[in-house]
Protein chains: 2
Amino acid sequence: MPGGVTKWVYAFSEGSRDMRDLLGGKGANVADMTRLGLPVPPGFTITTAACMAFLGADRVLPDGLADQIDIHLAALEASAGKRLGDPSDPLLVSVRSGGRDSMPGMMDTILNLGLNDESVEGLATVTGNPRFAFDSYRRFIQMYGDVVCEVERHHFESALDALKAERGAQSDVDLGADDLRGLCDRFKAIFAEHRGEAFPQHPRAQLDGAVRAVFESWENRRAYDYRRHHGIPHDLGTAVNVQRMVFGNTGERSGTGVAFTRNNTTGEGGRPFGDFLMNAQGEDVVAGIRTPHPLEELKAILPDAFTELLDTMALLERTYGDMQDVEFTIEDGRLYMLQTRNGKRGALAMVRIACDLVDEGLVTEDDALARLIAPAQIPQLLLPQLDARGVRISGLVPLAMGVNASPGAATGAIVLTADEAERRGAAGEKVILVRDETTPDDLHGMIAAQGIVTARGGKTSHAAVVAVGMGCPAVCGVSALRFDGEAISIGGTVFAPGDIITIDGTGGGVYAGAAPVTDPDPRNPYLMRVLDWADRVRVLTVRTNADTPEDARRAREFGAEGIGLCRTEHMFFSDDRLPLVQAMILSEDDDERGRLLALLRPFQVDDFTGLFREMRGLPVTIRLLDPPLHEFLPGLLELSLQAAEDVRSGVRNPEVIAQLARAKDLHEVNPMLGTRGVRLGLEFPEILRMQAGAIMEAAVAVRDETGEAPLVEIMIPLVAYEEELHRARAIVVAEVELVLAMSEGPRVEYRVGTMIELPRAALTAGTIAREAEFFSFGTNDLTQTTLGFSRDDAEKGFLGMYLRENLLTSNPFETLDVDGVGRLIRIAAADARPIRPDIKLGICGEHGGDPASIEFCHGVGLDYVSCSPFRVQVARIAAGQAALRGAHGAAA
Amino acid sequence: MPGGVTKWVYAFSEGSRDMRDLLGGKGANVADMTRLGLPVPPGFTITTAACMAFLGADRVLPDGLADQIDIHLAALEASAGKRLGDPSDPLLVSVRSGGRDSMPGMMDTILNLGLNDESVEGLATVTGNPRFAFDSYRRFIQMYGDVVCEVERHHFESALDALKAERGAQSDVDLGADDLRGLCDRFKAIFAEHRGEAFPQHPRAQLDGAVRAVFESWENRRAYDYRRHHGIPHDLGTAVNVQRMVFGNTGERSGTGVAFTRNNTTGEGGRPFGDFLMNAQGEDVVAGIRTPHPLEELKAILPDAFTELLDTMALLERTYGDMQDVEFTIEDGRLYMLQTRNGKRGALAMVRIACDLVDEGLVTEDDALARLIAPAQIPQLLLPQLDARGVRISGLVPLAMGVNASPGAATGAIVLTADEAERRGAAGEKVILVRDETTPDDLHGMIAAQGIVTARGGKTSHAAVVAVGMGCPAVCGVSALRFDGEAISIGGTVFAPGDIITIDGTGGGVYAGAAPVTDPDPRNPYLMRVLDWADRVRVLTVRTNADTPEDARRAREFGAEGIGLCRTEHMFFSDDRLPLVQAMILSEDDDERGRLLALLRPFQVDDFTGLFREMRGLPVTIRLLDPPLHEFLPGLLELSLQAAEDVRSGVRNPEVIAQLARAKDLHEVNPMLGTRGVRLGLEFPEILRMQAGAIMEAAVAVRDETGEAPLVEIMIPLVAYEEELHRARAIVVAEVELVLAMSEGPRVEYRVGTMIELPRAALTAGTIAREAEFFSFGTNDLTQTTLGFSRDDAEKGFLGMYLRENLLTSNPFETLDVDGVGRLIRIAAADARPIRPDIKLGICGEHGGDPASIEFCHGVGLDYVSCSPFRVQVARIAAGQAALRGAHGAAA
């Protein structure tokens, strides 16, 4: 190569796995395998840099590239002893794309390049296998037509189907050489018809076309969307791998297959696991045209190749320190390795493989934790899951799909009301609660149900949030769910209450009847080991969001180190309390309000005592009352309808009239931005006093009962101004000290702090910190206000559209918006620490259980994350990984 | 004074006006007058530093203070030739508070200190005037009791009233010496009864008590609230002025009064203006116990004192370069000056005085602009105002008070519906539209009305915002307004439609009948000069928010240099368009939607043509459609009531059922955070295309008609993500270029930009700037989201409470929240400029017309502010003042 010219092309023997950026993942791994001396058909890789140069120069191939391809092609021809497209004995090549990151949606592959009307005859002659030659040629015409020339695949498939029908053939293999020769002619005609030109015959031109097509595929819409969705930069480009073809379709001593080095469902090792087809090319295995055979059957057919494959896979697993997913071809009894990559696996397999690889000495614990564990998959281990294999075998298909709102599978009888769910649940029946959408009024039914289905709402709908919190499977937003009086229809099938359905909250499907389900092992020993690795390295503390003793206990079992958020308003909605709460809010008389609050106080003391008992010795953050006012009040619509009805009937109901007037007074256009949190508390300071007093009474009671008090943290929500916190804090502290003054025994420690859940609070955190001993970032509401997205509305509206159309690549209510919300958190943390160096900083939105968001929290140097009980293990692992990735000191 | 001890006390002769921080405003000015050789009774000032030392040391007087007071008191006694409280011929002193800033609510004053049971007899003897002596003593006991010892004033006043009744006295002056002697005994008994101790007799102890009381008054609730409200720091402290008493109550050659150097209503100069009382002490003038005389009558009574007073006032005005408000006392024919300060004045007087002082050579134009003009008062000049003097004379009192939502006064007949307002208005009648609250549906009635009254809503309610925009007086949130069928009651008085009322939008009152009103002069020559001064120095451009040609024309007359915000949604609500818009939104068929939009397009072209014609040659920013979806749709409540009614009547109305279903689908819990702005535009790109096309068609038409196109700025609202703007911009640009390609003639320039009205947009302004040629900070919505305050709800709810209780010192929807919202603006400006150095930055919320907010905008270096037409002059002046204050380069 002339000096000064960029090296655009690398022979496989020149690359290595360190060159993924330049050669792509596939190219780097094939180079690795070549250097390991494994049986890889020779070839070369055109770099990602060449791709970007091509795209950046208006689709002109960069200087030197054509020459370098010629040189490497010549070397390939020399090593093979054949020339590309030689009419008498052609060298054929495959051309495959492959970027740094795996992008399955855009992996364009062209096999058998180099065939044309002449060389196909040469191939037939030299192999003595005309069927093979024409089978290869028809495949090439179809692939080249589809990938390079935009002649859609279905045109070719229809012609193949027509031919099979004509011949009465069950499968491709039932077609003979003449059939396939005729099919090639038909395919060329189809090509000419759609392109207005003949199928290209010149092999070097074929190769150029293929290279250009692969380069251009980097910018197609599908690839662009895929990258947006997976956060892959657009300026990487794809490499192109040109490799000598080997053929699995030359006859009965040939074949092709894919295999995992370990079982990808159970994680069991020592025995590879895969499928193969004899006399086939690679795409046949994946396409499911014929049913492939289990890998172990290869042993009987081609024992040498089988042994070599197993040895090779073991070597690859050792080399990469991870379970491998390989693609191989056997040509006339000889094994060739085409690809290797880290294999995808289920949660059970994931934890087991990580432990086994550590035990086998292939990786260290830290390495296993950092590389081999995807924390988002952990919750699958805690819940029954749909048995995918069982479903496939039984031929079940979902009635309808919805949003996979809360993972796990559940089977039960359809119930349409919360009361019915509670009644039948209490009688020991397993039920699935099916609702248009759920409200806090449905809570008792949701608790009683095995699973929840809603017609409306997404992952942050009421149903989804409550279900995730309870670890209850849920499928939400099933648009094909219709209510029709007492019956419902799901995807057009009609059901009556009591009919059995199964829901797959992990995948989002709803099935008729009882679908097969696998049981979880709550103390999976592999998981326990992985958690132990994470706990040893993580810096972040992991707390839980819990409102009940049951949640608190469960979370502590999962390893929660305290409660980061107890939402006290959930305690106000139960049947025995809501009337008192409503009367209190509606009362315009302070004395009456005080009397009602005095009735509520013992309930609250009980609530907190239960929580504190479970969490004794650990910190517990109690958020004072926060819901929008209207959640306490009878609905404006209902009252208006009632009043209209009264007028019509000539009834005069002063209570309805008064309630309607008050409801109109208190009605808010945007309750999310209305009288909530500290605003409500300053409007009704008696509520603050009641709650603060009840909290401390409970803490004292638990101290006296167990000898161990919790570390009480009283959190004042929705603060925008320091002065709000100053005033609310004074009220709270006065009441708490009153309780403490009346109790004997060691002082119960407490802190008063606030939620940072409004942009202004974050922007003025330096002053708010003067009044707050801790901050908890309420990222749910902070996301709503920072983005101007109402959760209640956005997910069923424009946010759904944004995600579908890839305008957003992740739901900001699931994964923290680092640029916007995250910047506010950085600002707040940076401004608060100089004012109060010992301030405790945590996060308690749903993001507290999201691995990417946890990594951000670690980077900002927060003290803890708090998440729902079922995400505690996820958070422990994600926190450990964040620590290993060394995302320290990223705070601004 | 011993070396090393702080100087806590200054004789009047030691101070000057540069020492306001230390001596307070009153002390500094009295010192000034002393140094000018004016007849000021001698005395000394105890510093604000002494106050803070006292308060910071748990109310212990700082070291050295008592000694220094003794020394200055001795000097005072020496100069007077009398000793404090001497039983035979006592020196008496006054003790007055006075901080750096005028704080009228807390100005505690104690007169006649030094009197006791003995010295009062001495005073009676030495003056030969026992009536004067006991009059002074009873005043002292009351003031000391009230200010120092918390014996409330009304106890004393009741006793005085009882005595007057007993004696049949009309006034204090009808009481004789013996009466007053007896009253002193009664007062002392009242004091002893409430304090449990005798009235203090020792003069030095009296002085100590008075000093402590003044110091402590700095921390009372009233003063604290006052400072919060006026933005005065809490750590300044108050000074204490101790001054030899002079007496206006020694007889018929004595008196006391207050005067302005110029007329404080008209601004007319050359003739002071004030009131006085003979034989009285200062508080009598203010208290209104007797009716004071106009100042000019003093000339006849005491010509020498009168002349000296006029000369003194002229000197003071020259000294301070501003109209002065003085307090004086005449003792036995001799004039004493007690206080001088800059006088408060109305808007007319303000502009005239500023010009006159410039013309008289007393101040420069810049100085006059910076110091003598309060821009917030300017709108008073543009509107009829309630004639306060006329109202007082005619004995009118308001029926009820509401929020002074839009300034100016208006008289007219009550109308209760917008249609009625339009009908009677068209007939030439003057009407006041009285509504519970207004909605966009009322717009035609609001335009026809002279004034608007609502029962609900504050300064940013729909009624207020629209009224301010139209320059129409409005009183909102009149809680004493009740609707009762066809009648209404206001503060208990019943009115029928057609009855005449007058509203005072400047003060907030509603009056029965036609109250006297003064007419404005739209081209007030003094105002024109002041505006000219401002225009010569200001850096900020001033644009207007205008949606109609009429608004645009008016604003241009007021000096607007373009349109900063045209809200196109207002164009969609008129009767001929709303049905088309509703049908378009409800349509689920793209073709139908396209057809309806094609019908709307000519309307929009007309709208924009009218605006562009008025603004030819100037920039015009058009915001594309932004309202929440629900504003276009029939109400959920109304539809539900209709549907319930239909069910009851057995009617089946498929249209109502379908509309209800669609309304439920589109119903949003928090419309403010829902499908608006760019979200709506991306959901229905046809709307973006229609608007963008109509805008450019209109611009081309105006170019062709007038030879001068506007500089078109197309603004895409509610952007949170760069990608939203990227996609919307592409749609807009394509349509605009299509129109341009079809037109001949010079290219019409246009820019595409966005509103920064969500925290995320500000936080990611660096990336958004890549797609935006300008930013307009939409501070109304930015305030809502940053603070989490829904305007619709907050002002009638918790925000009202916050302002009443001084938790907030200003309404963040009126004055920009600099710490929160302002910080976001700084961040956005700082991040955007490096990405796009020529980006235009402006503000278009209501804050664009608020002087404090304009100063902030100048400091951040924005290019322009945009405000309602009636605020354009305010903004010009405020921008000039900001430039003079040199708030340059404050951007982060």
Side-chain angles (χ1 to χ4, degrees), chain A residues 228 629 636-637 640-641 644-645 648 665-677 679-680 682-683 718 720-721 723-724 727 757-764 767 781 784-794 796-799 801-802 805-808 817 819-821 823-824 827, chain B residues 228 629 636-637 640-641 644-645 648 665-677 679-680 682-683 718 720-721 723-724 727 757-764 767 781 784-794 796-799 801-802 805-808 817 819-821 823-824 827:
Chain A
R228 281 189 59 76
L629 211 48
L636 190 56
L637 183 59
S640 300
L641 288 170
E645 171 65 29
R648 187 167 299 103
D665 261 6
L666 295 177
H667 175 72
E668 296 183 318
V669 180
N670 296 292
M672 166 70 206
L673 307 176
T675 303
R676 300 169 43 203
R679 303 164 188 174
L680 193 64
L682 291 172
E683 187 93 39
L718 212 75
Y721 289 88
E723 181 71 11
E724 292 174 310
R727 296 191 185 189
E757 53 187 331
L758 294 171
R760 192 182 197 281
L763 292 161
T764 62
T767 54
D781 278 8
Q784 296 199 74
T785 45
T786 304
L787 276 57
F789 284 8
S790 165
R791 272 173 78 178
D792 296 319
D793 304 314
K796 71 170 191 177
F798 66 90
L799 180 54
M801 185 260 286
Y802 278 12
E805 303 204 345
N806 250 299
L807 193 148
L808 290 184
D817 162 40
D819 295 337
V821 177
R823 187 170 184 186
L824 285 176
I827 287 172
Chain B
R228 279 189 59 77
L629 211 48
L636 192 54
L637 183 59
S640 300
L641 288 170
E645 170 65 29
R648 187 167 298 103
D665 260 8
L666 295 176
H667 175 72
E668 295 183 319
V669 180
N670 295 291
M672 166 69 205
L673 307 177
T675 302
R676 299 169 44 203
R679 302 165 190 175
L680 192 64
L682 292 172
E683 186 92 39
L718 212 73
Y721 289 88
E723 180 72 12
E724 291 173 310
R727 296 190 187 191
E757 53 188 331
L758 294 171
R760 191 181 197 282
L763 292 161
T764 61
T767 54
D781 278 6
Q784 296 200 73
T785 45
T786 303
L787 276 55
F789 285 8
S790 166
R791 275 173 76 175
D792 295 319
D793 304 313
K796 69 169 194 178
F798 67 91
L799 180 54
M801 184 262 286
Y802 278 11
E805 303 204 347
N806 250 298
L807 194 147
L808 290 183
D817 161 42
D819 295 336
V821 178
R823 186 170 185 185
L824 285 176
I827 287 172

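Since the model is a prediction, treat every value here as computed from it, not as a measurement. In what follows, chains carry the letters A, B, and so on, assigned in the order in which the sequence lines appear, proteins first and then strands, with residues in each chain numbered from 1. The figures here come from the full heavy-atom set of this structure, side chains too, leaving out hydrogens, waters and symmetry mates.
- Both the backbone and the side chain of A:Leu682 come within contact range of chain B, each with at least one heavy atom under 4.5 Å from a heavy atom of that chain.
- B:Glu723 and A:Tyr802 are not linked by any side-chain donor-acceptor pair at a separation below 3.5 angstrom, with hydrogens and angles left out of the test.
- The heavy-atom pair separating A:Thr785 from B:Pro759 by the smallest distance is O-CD, 3.5 Å.
- Of the possible donor and acceptor atoms, none in the side chain of B:Arg679 sits under 3.5 Å from a partner among the backbone N and O of A:Phe798.
- Contacts with chain B were tallied for A:His667, A:Gln784, A:Met801; A:Met801 has the most, counting heavy-atom pairs under 4.5 Å.
- Between B:Leu787 and A:Ala720 the shortest heavy-atom distance is O-CB, 4.0 Å.
- Heavy atoms closer than 4.5 Å to chain B are found in both the backbone and the side chain of A:Phe789.
- In this structure, the separation between OH on B:Tyr721 and CG on A:Leu807 is 9.0 Å, given to the nearest 0.5 Å.
- In terms of modelled atom types and a separation under 3.5 Å, the side chain of A:Asp819 and the main chain of B:Thr764 share no donor-acceptor contact.
- Closest approach of B:Pro671 to A:Val669, counting heavy atoms only: CD-O, 3.4 Å.
- Options B:Ala761, B:Gly820, B:Ser790 differ in how many heavy-atom pairs under 4.5 Å they form with chain A, and the most are formed by B:Ser790.
- In plain terms, the two heavy atoms of A:Met672 and B:Leu673 that are nearest each other are CG-CD1, 3.7 Å.
- Both the backbone and the side chain of A:Glu724 come within contact range of chain B, judged by heavy atoms closer than 4.5 Å.
- Taking B:Leu718, B:Val821, B:Leu758, B:Thr767 one by one and counting their heavy-atom pairs under 4.5 Å with chain A, the maximum is reached by B:Leu758.
- Once rounded to the nearest 0.5 Å, the distance linking CD1 of B:Ile827 with CD1 of A:Ile827 reads 4.0 Å.
- Residue A:Asp781 does not touch chain B at all, counting heavy-atom pairs closer than 4.5 Å.
- B:Asp793 approaches A:Glu668 most closely through the heavy-atom pair OD1-CA, 3.2 Å.
- Of the atoms belonging to B:Arg727, it is side-chain heavy atoms, and not backbone ones, that fall under 4.5 Å from chain A.
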